Amino acid sequence: MDYNVLGENLSEMLKLENEPVAIGWSVKEPKNVEKEAGKSRFCAKLKKAMQGEIFYSTLEEEECMGGARYSGLKDMAEYPANVQSGAFMVPRGLYKNIPAVQRSRENETYINPGIFSSVAFSPLKMAEFEVDVIFILCNAKQGMEILHANAYDSGEHGLGADAAPICSSMAATPYMAGKVTYGFGDVGARQNMGLTPEEIMVSIPASYLSRIVSNLEEMRTKVLFKEE
């Protein structure tokens, strides 16, 4: 699949202001991609890739406990008790109590630990590694058109993500479920990435990309989606 051409076409048709980000998990550290310099949070890595950086990250470069856990780089059992219980999130205002944290986690997606050693990030149009998930920061209309393009020939509905960390909702979920996922992001990620109130998120399994781009092109010839 030519991610570079498809990435250019996707951005052009939707008039995206932000570069779609290619995310790829690997059992080995890739040889054709530079390792990230220093530590950052998973959400910050997405922001860096939107701004043109290409790199891969291991557990050593992951600054966020959630980013390491949900991306499959660290087992939850290796964290201290207050992290496993979620107690640390209560005084921060994310949840009222530990039972609420635990119930929330029952519905959160993570990649099983012990499989992958690294995660690569790149602007989609520059990706030279095997891509698993494409993350898109966009406005509501652009997100709507992606969801329509996904349903255009399949009738398939996307998955709506709530306030789970985006390393779970917008990375692990589309990877594990194999479905287009949309959401608003969590409060921490929105702050760390410096997002505007109007921006939303959509993630696409890479195997869907060619079909979605092709559908968008055909939809542009139809009454409701013709460009003004």
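Residues: numbered from 1 along the sequence shown. On a predicted model such as this, the values are computed, not experimentally measured, just so you know. Values below: all heavy atoms of this structure, side chains included; hydrogens, waters and symmetry mates excluded.
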Start with the C-alpha gap between Glu108 and Ser104, add the side-chain angles, then the distance that decides, and say whether side-chain hydrogen bond (donor to acceptor under 3.5 Å, both in side chains) holds. CA-CA 7 Å; Glu108 293 173 356; Ser104 175; 3.0 Å; yes
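- Without hydrogens or angle criteria, Gln142 side chain to Leu14 main chain gives a donor-acceptor distance under 3.5 Å.
- For the pair Lys35 and Glu60, the salt-bridge criterion is met [side-chain N within less than 4.0 Å of a carboxylate O].
- In this structure a side-chain-to-backbone donor-acceptor pair under 3.5 Å is present from Arg211 to Asn150.
- A salt bridge between Glu145 and Arg220 is present, with a side-chain N of the basic residue lying under 4.0 Å from a carboxylate O of the acidic one.
- In this structure, CZ in Arg103 is found 11.5 Å from CG in Asn107, a value given to the nearest 0.5 Å.
- A donor-acceptor pair under 3.5 Å is formed between the side chain of Ser117 and the backbone N or O of Val27.
- For the atom pair OG (Ser203) and CD1 (Ile134), the distance works out to 9.0 Å, reported to the nearest 0.5 Å.
- Residue Gln102 places its CD atom among more than 12 non-hydrogen atoms of other residues, nucleotides or ligands, all under 6.0 Å distant.
- Ion pairing of Glu62 with Lys39 is absent here, as no side-chain N (NZ or NE/NH1/NH2) approaches a carboxylate O to less than 4.0 Å.
- In this structure, CD1 in Ile146 is found 7.5 Å from CG in Leu216, a value given to the nearest 0.5 Å.
- Here the straight-line distance linking atom CE of Met176 with atom OH of Tyr70 works out to 14.0 Å at 0.5 Å rounding.
- Judged by distance alone, with hydrogens and angles left aside, the side-chain atoms of Ser154 form no donor-acceptor pair with the main-chain N or O of Tyr152 at under 3.5 Å.
- Side-chain atoms of Lys45 come within 3.5 Å of backbone atoms of Ser40 as a donor-acceptor pair (strictly under, hydrogens ignored).
- In the hydrophobic cluster analysis, where Ile, Leu, Val, Met, Phe, Trp and Tyr join through side-chain heavy atoms closer than 4.5 angstrom, Val83 is grouped together with Leu94.
- Between the side chain of Ser11 and the backbone N or O of Glu8, no donor-acceptor pair lies under 3.5 Å.
- For the pair Arg69 and Tyr110, the cation-pi test (distance below 6.0 Å, angle within 45°) is passed.
- At a threshold of 4.5 Å between non-hydrogen side-chain atoms, the residues Leu46 and Ile23 count as touching.
- Formation of a donor-acceptor pair under 3.5 Å by the Ser26 side chain with backbone atoms of Ser118 is not found in this model.
- Between Trp25 and Phe116, the ring planes are tilted. Angles from 30° to 60° get that label.
- Each of Tyr175 and Val180 belongs to its own hydrophobic cluster when Ile, Leu, Val, Met, Phe, Trp and Tyr are linked at side-chain heavy-atom distances under 4.5 angstrom.
- Looking at Tyr79, its side chain never comes within 3.5 Å of a backbone N or O of Ser85 through a donor-acceptor pair.
- The cationic atom of Lys48 (NZ for Lys, CZ for Arg) does not lie both less than 6.0 Å from the six-membered ring centre of Phe121 and within 45° of the ring axis.
- A chain of hydrophobic side-chain contacts below 4.5 Å, direct or via other Ile, Leu, Val, Met, Phe, Trp or Tyr residues, connects Ile204 to Leu147.
- Within the 3.5 Å criterion, the main-chain N or O of Ala149 finds a donor-acceptor partner in the side chain of Asn215.
- In this structure, Ser71 contributes its side chain and Gly67 its backbone to a donor-acceptor pair below 3.5 Å.
- Atom-to-atom distance recorded for Met13:CE and Ile212:CD1 is 10.5 Å, nearest 0.5 angstrom.
- Within the model, atoms CD of Glu61 and CZ of Phe55 stand 10.0 Å from one another, a figure rounded to the nearest 0.5 Å.
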